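Below is one structure, written out as structure tokens; the observations come after it.
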Amino acid sequence: MSFTPEPVPGPDAPLRSALRYGLIGLGVLVVLSVALGAAVSGVAGVWGAVLGAAIGGGFILTTAAVVLFGAKLPPSTAGLVMLVSWVGKVLVALIVVGILHRFDFYDRVVLFLTVVGALVIVLGAETYGVVRQKVPYVTTTDSEPTSDTRQ
């Protein structure tokens, strides 16, 4: 009988898992929302579902991707990258919604419900991906007494 240990996941395994589960959740949401949007509003519902999934899913998945990228950076730089990416995402979302407001080829209710669904489902899937990961950690004790314990 031989014992082959399982490889230890890297420190970015939970983030990769979050991204993977988020993409899976977004894919399932797109299929369901496009089907429901088409049944409710026809082609306008399909466009509303696709645009809503792109806006909501892109917003949340970008956060996971930026955190994964920032994990390799020094803490102050990672914080700056997170802040800039969040401000950028908010600006892009506002610009996209402002541009879409002028058009009427999509169903606004389907768009709104899909954005909300994407935010909830993708965030929940990412959370599940992070919590599901088993990352080992080790704590050590000092072998020498510290200055506080000497007498």
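Predicted model only: the values in this text are computed from it and were never measured.
- Linking ILVMFWY side-chain heavy atoms closer than 4.5 Å, directly or via other members, places V120 and L23 in two distinct hydrophobic clusters.
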Compile the donor-acceptor pairs under 3.5 Å between side chains in residues 27-46 and protein atoms, sequence neighbours left out, one pair per line.
residue	atom	partner	partner atom	Å
S33	OG	L29	O	2.8
S33	OG	V30	O	3.4
S41	OG	D107	OD2	2.3

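- Remark: Y21 pairs with Y128 by the ring-ring contact (aromatic ring centres under 6.0 Å, His included) rule, at least two apart or across chains.
- Cluster annotation: I60 is connected to V50 through the hydrophobic network of ILVMFWY side chains, with a link wherever side-chain heavy atoms come within less than 4.5 Å.
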Using residues 64-85 as the side-chain source, report each donor-acceptor pair under 3.5 Å to any protein atom, sequence neighbours left out, with the distance given to one decimal.
residue	atom	partner	partner atom	Å
S85	OG	V81	O	3.3
S85	OG	M82	O	2.9

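- Judged as a ring-ring contact (aromatic ring centres under 6.0 Å, His included), the pairs with a partner in residues 25-56 (not counting sequence neighbours) are, in order, W47-F105.
- The heavy-atom pair separating G52 from A118 by the smallest distance is O-CB, 4.3 Å.
- With contacts defined as side-chain heavy-atom distances shorter than 4.5 Å, the pair L19/L61 qualifies.
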Anything under 3.5 Å between a donor and an acceptor, one on a side chain of residues 108-115, the other on a protein residue two or more places apart or in another chain? List them.
residue	atom	partner	partner atom	Å
R108	NH1	H101	ND1	3.1
R108	NH2	H101	O	3.1
R108	NH2	F103	O	3.2
T114	OG1	V110	O	2.7

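- Atoms CD and CD1, on E126 and I121 in that order, are 12.5 Å from each other to the nearest 0.5 Å.
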Sequence neighbours excluded and cut-off under 3.5 Å, please list the side-chain donor-acceptor pairs for residues 88-99, or say none.
residue	atom	partner	partner atom	Å
K89	NZ	F59	O	3.1
K89	NZ	T63	OG1	2.1

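- Put simply, Y106 and V116 are part of two different groups of oily side chains (I, L, V, M, F, W, Y) that touch within less than 4.5 Å, one to the next.
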